[in-house]
Chemist: 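Sharing a structure here in structure tokens format.
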There are 4 protein chains.
Amino acid sequence: MIPVPKTTPKTTPGKAPGNAPKTAPRTARSPAGGGAASDGRRAELLAIAAGVFAAQGYDATTVRRIADEAGMLAGSLYYHFDSKESMLDEILSAFLDELWAGYEGVMAAGLGPRETVEALVTASFREIDRHLDAVAIYQREARQLASSQPRFGYLADSQRRFERLWLGTLERGAAAGVFRTDLDLRLAYRFIRDTVWVAASWYRPGGQHSPEEIARQYLSMVLDGVTVRE
Amino acid sequence: MIPVPKTTPKTTPGKAPGNAPKTAPRTARSPAGGGAASDGRRAELLAIAAGVFAAQGYDATTVRRIADEAGMLAGSLYYHFDSKESMLDEILSAFLDELWAGYEGVMAAGLGPRETVEALVTASFREIDRHLDAVAIYQREARQLASSQPRFGYLADSQRRFERLWLGTLERGAAAGVFRTDLDLRLAYRFIRDTVWVAASWYRPGGQHSPEEIARQYLSMVLDGVTVRE
Amino acid sequence: MIPVPKTTPKTTPGKAPGNAPKTAPRTARSPAGGGAASDGRRAELLAIAAGVFAAQGYDATTVRRIADEAGMLAGSLYYHFDSKESMLDEILSAFLDELWAGYEGVMAAGLGPRETVEALVTASFREIDRHLDAVAIYQREARQLASSQPRFGYLADSQRRFERLWLGTLERGAAAGVFRTDLDLRLAYRFIRDTVWVAASWYRPGGQHSPEEIARQYLSMVLDGVTVRE
Amino acid sequence: MIPVPKTTPKTTPGKAPGNAPKTAPRTARSPAGGGAASDGRRAELLAIAAGVFAAQGYDATTVRRIADEAGMLAGSLYYHFDSKESMLDEILSAFLDELWAGYEGVMAAGLGPRETVEALVTASFREIDRHLDAVAIYQREARQLASSQPRFGYLADSQRRFERLWLGTLERGAAAGVFRTDLDLRLAYRFIRDTVWVAASWYRPGGQHSPEEIARQYLSMVLDGVTVRE
DNA sequence: TATGAATGAGAGTTCATTCAT
DNA sequence: CATGAATGAACTCTCATTCAT
């Protein structure tokens with residue numbers, strides 16, 4: 001359930017067209033200058049929108065509700081964004097960009113299979129901690145968006161890339177005798193993937209456990225099982 | 001393999017209040033028989049609705065879409081159901097009723113902790129197989145419904161009951177030396193719970209693996225881990 | 001606010017066409033024979049409909065509500081009546097027929113102006129007592145029906161006839177020195193007319209006062225005033 | 001002639017609860033001023049709505065019809081009002097507020113029973129002249145609204161208060177020997193009440209008689225009767 | 001930058017009515 | 001005579017979006 005970034009600074013071959021980096025207002029009267037202040041407001045509004053999308057679902061969220069929380073009128077949001085959909089787009093692609101930046105760091109480190117799994121899972125929990133709303137939105141909406149809206153094709157791309165990365169790692173591990181070979185690897189892949197990301201549905205930042213601690217325990221269960229070894 | 005009774009005809013205690021059996025069309029004098037014919041149509045329509053809800057999300061589903069798939073007009077649905085919401089209600093509560101019937105069969109068998117976990121997981125995968133749409137809907141909508149609509153309070157009740165059942169089993173197992181004691185049991189509970197149910201997002205009935213086979217592999221990973229034991 | 005009968009046995013010149021006496025079912029399978037039993041059911045259903053129309057207003061009354069009160073399904077009413085509107089039509093025209101039968105009896109008696117007024121008012125209160133629902137419906141709906149639906153043109157006809165009858169009587173009385181001549185007679189007409197018929201909004205049959213007693217007191221006020229005469 | 005103060009700015013005690021001043025469009029931060037411009041549009045729309053409600057009846061009036069007359073689309077009305085019902089609410093409560101302001105002025109004047117009756121009737125006809133549509137709506141819908149919708153409970157309150165005021169006045173007059181004592185006072189109350197208000201069904205502002213002239217003639221009939229005194 | 005007012009499409013729902021059984 | 005199931009039009013209301021100011 002995890003996708004490709006919109007803008008990977010280094011290598012993003014086959015990047016979908018019309019997917020240029022999101023920019024500030026595009027109206028005739030768009031603000032002059034670089035708009036650092038403007039970008040601050042944008043980010044603020046996106047955070048608010050993400051919060052509401054995560055809490056109520058994208059469809060059930062009205063643009064007025066977002067505006068209310070931002071202390072403005074619904075129409076005013078359209079100075080900052082093209083549409084409700086483009087807010088969602090920005091939220092999701094910003095999250096994916098960061099996620100993949102993290103993953104690429106892991107892969108670039110050239111670790112062994114088990115260590116790679118540990119690093120990926122830990123990176124994922126960190127991302128959940130930092131982009132909780134985006135992750136929750138992603139979990140709930142991605143499948144549908146990817147399959148029905150061309151604009152969100154990058155979600156499916158990311159999904160595929162994600163699967164390749166994980167399956168590859170698992171296969172390496174199985175070949176190296178680190179992971180069990182009596183399992184259907186696709187099942188194992190889904191098992192680990194879901195196990196990690198669904199945590200977003202109950203995780204609350206600043207809670208009892210740090211993301212790293214949660215990652216540690218999850219890894220312990222996934223890798224070693226919950227039963228006592230004799 | 002693990003024996004899991006399908007449905008226990010005996011009792012269904014702990015049934016959420018306000019969850020009375022949904023009734024058929026509002027006639028002045030309801031038909032003398034049980035309304036088997038009518039119920040057939042109802043069930044058919046509910047299955048169609050569940051399919052659309054699962055595919056598009058409850059909010060994004062229009063009542064006209066459901067009617068289209070059923071080959072009737074939107075208004076005609078209201079002969080059978082009070083509202084879109086009550087269709088959702090029936091779908092979810094029918095699913096939960098069956099699920100709990102299965103769970104109660106398991107608990108009544110008086111198995112040991114490990115075998116109980118195995119039986120519960122297997123029962124769950126069977127339920128996913130039988131009520132795939134309902135499970136998918138549940139996953140996507142339950143939290144929000146439970147927290148914002150009194151009518152769906154039984155979802156929260158079920159959730160709590162579910163947690164008690166699982167946590168109790170895990171605690172018994174830990175006390176008995178079957179499960180590891182170095183884990184946060186709540187984390188373990190969530191881990192297993194999510195692990196199982198999210199499978200609904202990719203599972204397709206009639207696919208490569210039977211529900212029992214999937215359960216077996218999941219259990220193997222959860223209980224023993226994915227790494228090779230020395 | 002009071003109209004012409006649909007079927008006056010003697011003189012009804014200018015009677016609107018297409019206004020034939022309401023009859024029993026008109027379907028292909030209409031019941032054979034005179035249908036005395038059928039007429040009983042019709043009358044019963046009309047009484048029920050009148051009750052609901054009076055209580056909730058014609059527009060706010062659903063055909064299902066009427067059917068519920070009659071212990072049948074909404075569709076079944078259409079065996080007995082063409083439409084909701086034709087029920088209303090029958091209720092109103094039956095009432096007007098009776099009303100005018102009474103009025104004609106009064107006029108045929110050849111009384112003096114004061115005695116004619118007394119007899120008309122008394123006849124009116126008797127009609128309120130017998131056709132309370134119909135009167136209430138008439139009060140609420142007649143103006144609109146008469147002005148917008150050709151089918152109900154007879155309501156306006158009756159209205160005009162009613163005005164002629166009353167104004168004529170008042171004029172006779174004024175000419176004879178029985179009634180005051182310093183009043184606008186149209187105002188006096190409306191005053192008496194409204195005074196009587198609005199009573200339907202609070203009158204309940206079987207209450208403290210009989211229709212005749214209420215008529216007596218009303219007449220006393222209208223004719224002599226509420227202040228003490230020296 | 002009888003002096004009747006228009007509006008008493010002082011106090012409006014006995015105002016029905018839950019009848020708070022209706023508010024303007026739901027902005028995030030309501031406009032700093034009083035919203036005079038907005039109120040102008042609101043009042044305009046309410047006048048249009050009142051006209052249609054009065055002409056067709058509340059139930060038979062579609063929101064589209066109101067919008068048409070206002071030169072806008074149906075949905076646009078919802079920028080100004082919560083619902084069709086709240087338009088009705090505002091129309092009725094504005095009318096009642098004004099009516100009671102007038103009545104309180106009369107009662108505060110400390111007149112004798114006969115003069116009080118005269119002043120109340122005159123004030124009522126003035127109100128019919130000023131709020132014709134609202135009065136017509138009130139006549140047609142009040143009973144039902146009051147009895148079935150809690151939101152309109154203030155209608156019943158007003159009714160009761162109205163009865164107390166009139167009955168009290170009549171009783172004072174009877175005790176003082178001004179009004180006849182051989183009448184059922186409740187009947188007399190209803191007689192006068194209905195007599196006055198039903199005038200709204202035929203009264204047209206700017207017609208032959210001024211409200212005051214109509215009041216004079218009505219009072220003359222009610223107080224002295226229509227027959228010639230010897 | 002934001003507001004206030006509006007648009008227009010479409011949502012869920014109601015309801016009089018029809019008709020085969 | 002009545003039922004059960006459906007139709008189809010209309011209704012109230014919601015909401016993303018636009019745009020002059």
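We name chains A, B, ... by the order of the sequence lines, and we start the count at 1 in each one. Computed from a predicted structure; not experimentally measured.
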Chemist: Residues two or more places apart in sequence or in another chain: which of them pass side chain to side chain contact (heavy atoms under 4.5 Å, CB included) with D:A146?
Modeler: D:L155, D:A156

Chemist: What pairs of donor and acceptor atoms, side-chain ones from residues 47-60 of chain D against any protein atom, are under 3.5 angstrom apart with sequence neighbours left out?
Modeler:
from, atom 1, to, atom 2, distance (Å)
D:Y58, OH, D:E85, N, 3.2

Chemist: Measure from the side-chain heavy atoms of A:M72 and tell me the nearest of E:dA2, E:dA6, F:dC13.
Modeler: E:dA2

Chemist: In whole Å, measure the gap between the P atoms of F:dT21 and E:dT1 for me.
Modeler: 22 Å

Chemist: I'd like a table of atom pairs between the protein and nucleotides 8-10 of chain F - only N or O on both sides, under 3.5 Å - with the distance next to each one.
Modeler:
none

Chemist: Look at D:Y78 and F:dT14 and indicate whether a side-chain polar atom (N or O) is within less than 4.0 Å of OP1 or OP2.
Modeler: no

Chemist: Report the residues that fulfil side chain to side chain donor-acceptor pair (under 3.5 Å) with D:E141, sequence neighbours left out, ordered by chain and then residue number.
Modeler: C:R140

Chemist: How many whole angstroms separate atom CZ of A:R65 from atom P of F:dT14?
Modeler: 16 Å

Chemist: Within this structure, what is the CG-to-P distance between B:D68 and E:dG10, rounded to whole angstrom?
Modeler: 14 Å

Chemist: Just to be sure I understand the rule, does D:V63 reach a base, reach only the sugar-phosphate, or reach nothing, if contact means heavy atoms closer than 4.0 Å?
Modeler: sugar-phosphate

Chemist: Does B:R143 have any salt bridge (Lys or Arg N to Asp or Glu O under 4.0 Å) partners at least two apart in sequence or in another chain, and if so, which?
Modeler: none

Chemist: E:dA16 C1' sits how many Å from C:D59 CG, rounded?
Modeler: 12 Å

Chemist: Measure CG/A:L77 against P/F:dA16 and give the value in whole Å, please.
Modeler: 10 Å

Chemist: According to the salt bridge (charged side-chain N to carboxylate O under 4.0 Å, His left out) rule, which pairs have a member within residues 64-81 of chain B, sequence neighbours left out?
Modeler: B:R65-B:E69

Chemist: What's the CZ-C1' distance between D:F81 and E:dA5, to the nearest Å?
Modeler: 13 Å

Chemist: Rounding to an integer number of Å, can you tell me how far C:M87 CE sits from E:dA16 C1'?
Modeler: 10 Å

Chemist: Find the distance D:K84:NZ to E:dT13:P and express it as a whole number of Å.
Modeler: 18 Å

Chemist: Which residues in residues 44-58 of chain A have at least one heavy atom lying under 4.0 Å from any atom of DNA chain F?
Modeler: none

Chemist: Please name all residues satisfying side chain to side chain contact (heavy atoms under 4.5 Å, CB included) with C:S76, sequence neighbours left out, ordered by chain then number.
Modeler: C:M72, C:L73

Chemist: Extract the stems that DNA chain F is part of, considering only consecutive pairing runs of at least three Watson-Crick or G-U wobble pairs, both distances under 3.5 Å.
Modeler: E:2-21 with F:2-21

Chemist: Using atom OH of D:Y79 as one end and atom C1' of F:dA16 as the other, report the distance to the nearest whole Å.
Modeler: 15 Å

